[in-house]
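Side chains included, hydrogens not; waters and symmetry mates left out as well; all remaining heavy atoms used.
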Amino acid sequence: MENAQSRRDRAQALEQGRVLFAQECEFVRGAADLAGIPPTKFPEVAFAGRSNVGKSSLVNALTGRKTLARVSNTPGRTREINFFRLGERLMLADLPGYGYARVSKAESAKWTELIFAYLAGRPSLRRVVLLIDSRRGPLPQDIEVMDLLDRAAVSYQLVLTKVDKLKPAELTDVENQTRAESQRHTAAHPELVATSAETGTGIADLRANLAALAIR
Ligand code: GDP
């Protein structure tokens, strides 16, 4: 049972999330290679996921801006890491989507190389938010990325997307399956957030989680 204190803590965390994401969000730069990655003095959170997982929609829903991360109609096209700054408090890095079927082996190797170089050389990186399509649950390519993050010892958190498409029982199933997968990984954060960019489900919770990583 939730007591009064934990209800107050929760309300406070949600409020901190709201305030953080009400800050001006400014596009900093797109980086196609390691040289393009901007230096930063802010803590950073990176968003990763398969192409079409709903990453652009989620970043837009979090920041409350419609056009910040372009919702791509051609999955697999964006090969850059896009950096955004939330006031003077947090940097957001939108990583290129992976796993698009029509992308060649060479392209996909380039993804891994850029991401690994980024992960290894980014001491400001506090967490990766790894998006999982709730209609599919963790797919083999998602699990490969989880293994990569484990190896790089980067703390990450799984977030389900598009939960508006599921019936409650289906959501429970995929939550259980996703939690079970995350328990098999050393660097995975135990908390799972179920979101919908469409209805706003879970957006305030995810903002609250990320606010804990920002500069006060
Ligand atoms: P990205 O490739 O990961 O950036 O994915 P997008 O944000 O471009 O979304 C891919 C597709 O999924 C688009 O057609 C979106 O309209 C749709 N989509 C994204 N988020 C949601 C959601 O929360 N609910 C529903 N029903 N559709 C979504």
Side-chain angles (χ1 to χ4, degrees), residues 27-40 43-63 68-85 90-162 178 181-182 184-189 193 195 197 206 210:
F27 177 70
V28 177
R29 178 187 299 181
D33 52 31
L34 208 49
I37 293 175
T40 179
E44 188 160 298
V45 171
F47 294 82
R50 284 169 54 86
S51 295
N52 221 33
V53 72
K55 187 156 55 62
S56 308
S57 304
L58 185 78
V59 171
N60 289 338
L62 282 170
T63 56
L68 191 61
R70 219 173 317 120
V71 178
S72 56
N73 292 317
T74 32
R77 283 288 295 278
T78 359
R79 311 311 299 165
E80 299 199 328
I81 305 179
N82 288 308
F83 292 89
F84 306 93
R85 196 167 47 77
L90 190 68
M91 193 84 139
L92 306 178
D94 183 5
L95 303 182
Y98 56 83
Y100 185 51
R102 269 182 248 167
V103 163
S104 67
K105 275 237 164 68
E107 276 277 310
S108 142
K110 232 176 114 188
W111 185 94
T112 311
E113 195 187 326
L114 175 62
I115 299 311
F116 209 89
Y118 163 74
L119 295 173
R122 204 64 173 168
S124 56
L125 183 64
R126 295 288 179 276
R127 187 174 298 172
V128 172
V129 174
L130 181 58
L131 306 182
I132 305 289
D133 191 325
S134 63
R135 294 167 305 174
R136 303 204 164 84
L139 294 171
Q141 276 155 327
D142 299 318
I143 295 168
E144 275 175 34
V145 171
M146 293 173 78
D147 290 338
L148 183 148
L149 293 168
D150 290 336
R151 283 201 305 278
V154 172
S155 134
Y156 57 100
Q157 129 178 50
L158 300 184
V159 167
L160 294 171
T161 60
K162 310 186 191 181
T178 308
E181 185 58 50
S182 96
R184 286 192 272 275
H185 295 266
T186 49
H189 199 262
V193 185
T195 68
L206 186 53
L210 301 183

When every non-hydrogen atom of L95 is compared with those of A48, the smallest separation belongs to CD1-CB, 3.8 Å

For R50 and L139, work out which heavy atoms get closest and say how close.
-> NE-CD1, 3.5 Å

Atom CG of L206 and atom CG of L62: how far apart are they, to the nearest 0.5 Å?
-> 5.0 Å

Report the C-alpha distance between L148 and R151 in whole Å, list the side-chain angles of each, state the deciding distance to 0.1 Å, and finish with yes or no for side-chain contact (heavy atoms from CB on, under 4.5 Å).
-> CA-CA 5 Å; L148 183 148; R151 283 201 305 278; 4.1 Å; yes

How far apart are the C-alpha atoms of T40 and R85, what are their side-chain angles, what is the distance that settles it, and do they pass the side-chain contact (heavy atoms from CB on, under 4.5 Å) test?
-> CA-CA 10 Å; T40 179; R85 196 167 47 77; over 6 Å; no

Quick check: does any side chain N or O of T161 sit under 3.5 Å from a backbone N or O of V53, one acting as donor and the other as acceptor?
-> yes

Rounded to the nearest 0.5 Å, what separation is found between the CD1 atom of I37 and the CG atom of L114?
-> 5.5 Å

Sequence neighbours excluded - salt bridge (charged side-chain N to carboxylate O under 4.0 Å, His left out) pairs with any residue from residues 137-149 = none

Could you give the distance from CG (L149) to OG1 (T186), rounded to the nearest 0.5 Å?
-> 10.0 Å

Hey, is K55 close enough to D94 for a salt bridge, meaning N to O under 4.0 Å?
-> yes

Please report the shortest heavy-atom distance between G97 and S51, naming the atom on each side.
-> C-OG, 3.7 Å

Worked verdict on V128 versus V145 for side-chain contact (heavy atoms from CB on, under 4.5 Å) | CA-CA 11 Å; V128 172; V145 171; over 6 Å; no

Nearest non-hydrogen partners of Q141 and Y98, listed with the distance | O-CE1, 3.9 Å

Residue pairs involving residues 111-120 (criterion side-chain hydrogen bond (donor to acceptor under 3.5 Å, both in side chains); sequence neighbours excluded) | E44-Y118

Side-chain heavy-atom pair V129, V193 within 4.5 angstrom cut-off | no

So, does D150 use its side chain to make a donor-acceptor pair with the main chain of A187 at under 3.5 Å?
-> yes

In terms of heavy-atom contacts, R126 and P43 come closest through CG-CB, 3.8 Å

In terms of heavy-atom contacts, T178 and P138 come closest through OG1-CD, 3.6 Å

Kindly compute the distance separating OH (Y156) from NE2 (H189), expressed to the nearest 0.5 Å.
-> 12.0 Å

Distance col, row L130:CG vs M146:CE, nearest 0.5 angstrom, shows 6.5 Å

Contact check, side chains of T195 and S134, non-hydrogen atoms, under 4.5 Å | no

For residues 27-34, which side-chain N or O atoms pair as donor and acceptor with protein atoms under 3.5 Å away, sequence neighbours left out?
unit_1 : atom_1 : unit_2 : atom_2 : d
R29    : NH1    : G36    : O      : 3.1
D33    : OD1    : A35    : N      : 3.3
D33    : OD1    : G36    : N      : 3.1

